[in-house]
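In what follows, a structure is listed as structure tokens, so that the remarks can point back to it.
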Amino acid sequence: MRTSFNIPDEVVAEFDRVWKEEGLANRSRAVREAMQEYVEAHDRLESMTGEVVALVGFDYRHHEVIEELHGVQHEYQDVILNTSHTHQGEWCLESLFCRGDVARVRELTYRLRDFDGVRRVKQMLIRAD
């Protein structure tokens with residue numbers, strides 16, 4: 001199947017650099033692998049049940065989304081134990097340390113990904129029991 005995407009030139013250039021350094025045959029192979037990893041991470045997050053301890057990290061452009069991000073964090077006070085914030089040039093890096101039902105942590109992760117000003121969200125989940 002052929003498809004097309006709108007991706008910033010600088011992201012494509014970095015992606016091409018990486019797959020070439022790894023010795024992959026072509027961009028299509030690299031995209032397939034990246035998509036498979038994305039699906040597997042989603043499936044792991046969706047399949048967990050019960051209580052978890054989690055670290056949710058994300059980076060964002062402060063001036064674009066700070067008010068909305070604080071609003072989301074207040075909605076999830078029941079699972080967010082504490083936060084850490086640092087500045088990296090025009091980007092901010094935020095870490096949320098969480099404990100609670102995995103469904104709430106999953107919702108939080110998906111909500112954070114829904115902002116244009118957020119570049120990426122990563123989570124590390126550990127069963128609490």
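Heads up: numbering here begins at 1 and tracks the sequence. Hydrogens, waters and symmetry mates are skipped; everything else that's a heavy atom, side chains included, is used.
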Item checked: side chain to side chain contact (heavy atoms under 4.5 Å, CB included) between Val79 and Asp101, worked out -> CA-CA 8 Å; Val79 293; Asp101 186 73; 5.7 Å; no
In this structure, are over 12 heavy atoms from other groups packed under 6.0 Å from [X] atom [atom1]?
| X | atom1 | result |
| --- | --- | --- |
| Asp116 | CG | no |
| His63 | NE2 | yes |
| Asn26 | CG | yes |

Next item on the list: Could you identify which residues cluster with Phe5, counting Ile, Leu, Val, Met, Phe, Trp and Tyr as linked when any side-chain heavy atoms lie under 4.5 Å apart, either directly or through a chain of such contacts?
Entry: Ile7, Val11, Val12
Margin query: Assess the residue pair Arg113 and Val118 against the criterion (side chain to side chain contact (heavy atoms under 4.5 Å, CB included)); give the C-alpha distance rounded to whole Å, side-chain angles, the decisive distance to 0.1 Å, and a yes or no.
Written below: CA-CA 7 Å; Arg113 286 182 176 156; Val118 173; over 6 Å; no
I need the [X] [atom1] to [Y] [atom2] distance, nearest 0.5 Å.
| X | Y | atom1 | atom2 | answer |
| --- | --- | --- | --- | --- |
| Gln123 | Leu45 | CD | CG | 5.0 Å |
| Ser95 | Asn82 | OG | CG | 9.5 Å |
| Leu125 | Thr109 | CG | OG1 | 7.0 Å |
| Leu96 | Leu69 | CG | CG | 9.0 Å |

Shortest non-hydrogen separation from [X] to [Y] and the atoms involved:
| X | Y | result |
| --- | --- | --- |
| Trp91 | Tyr60 | CE3-C, 3.2 Å |
| Arg104 | Glu75 | NH2-O, 2.9 Å |
| Gly117 | Glu64 | CA-OE1, 3.4 Å |
| Phe58 | Gln73 | CZ-NE2, 3.8 Å |
| Trp19 | Ala30 | CB-CB, 3.4 Å |

Checklist line | Polar side-chain atom of Arg99 near backbone of Leu81 as donor-acceptor pair, under 3.5 Å | finding: no
Checklist line | Residue pair Arg32 / Gln36, side-chain heavy-atom distance below 4.5 Å | finding: no
Checklist line | Val31 and Phe15: CA distance, side-chain angles, deciding distance, side chain to side chain contact (heavy atoms under 4.5 Å, CB included) verdict | finding: CA-CA 9 Å; Val31 169; Phe15 187 76; 3.7 Å; yes
Next item on the list: Determine, using the 4.5 Å side-chain heavy-atom cutoff (strictly less than), whether Leu93 and Val72 are members of one ILVMFWY cluster.
Entry: no
Item checked: Results of salt bridge (charged side-chain N to carboxylate O under 4.0 Å, His left out) for Arg119 - residues two or more places apart only -> Asp59
Next item on the list: Could you check whether the rings of Tyr110 and His42 sit parallel, tilted or perpendicular, using 30° and 60° as the cut-offs?
Entry: parallel
Next item on the list: Step by step, work out the side chain to side chain contact (heavy atoms under 4.5 Å, CB included) result for His85 and Cys92.
Entry: CA-CA 7 Å; His85 180 94; Cys92 293; 3.4 Å; yes
Next item on the list: Not counting sequence neighbours, which residues clear side-chain hydrogen bond (donor to acceptor under 3.5 Å, both in side chains) with Glu67? List them please.
Entry: none
Note to self: Does this structure show an ion pair linking Glu33 with Arg29, if we count only N-O contacts that are shorter than 4.0 Å?
What the structure shows: yes
Next item on the list: Check each of Val102, Ile126, Asp43 against Met48 using the side-chain contact (heavy atoms from CB on, under 4.5 Å) test, and report the only one that passes.
Entry: Val102
Next item on the list: May I have the step-by-step check of salt bridge (charged side-chain N to carboxylate O under 4.0 Å, His left out) for Arg111 and Glu107, ending in yes or no?
Entry: CA-CA 6 Å; Arg111 290 282 304 278; Glu107 288 172 16; over 6 Å; no
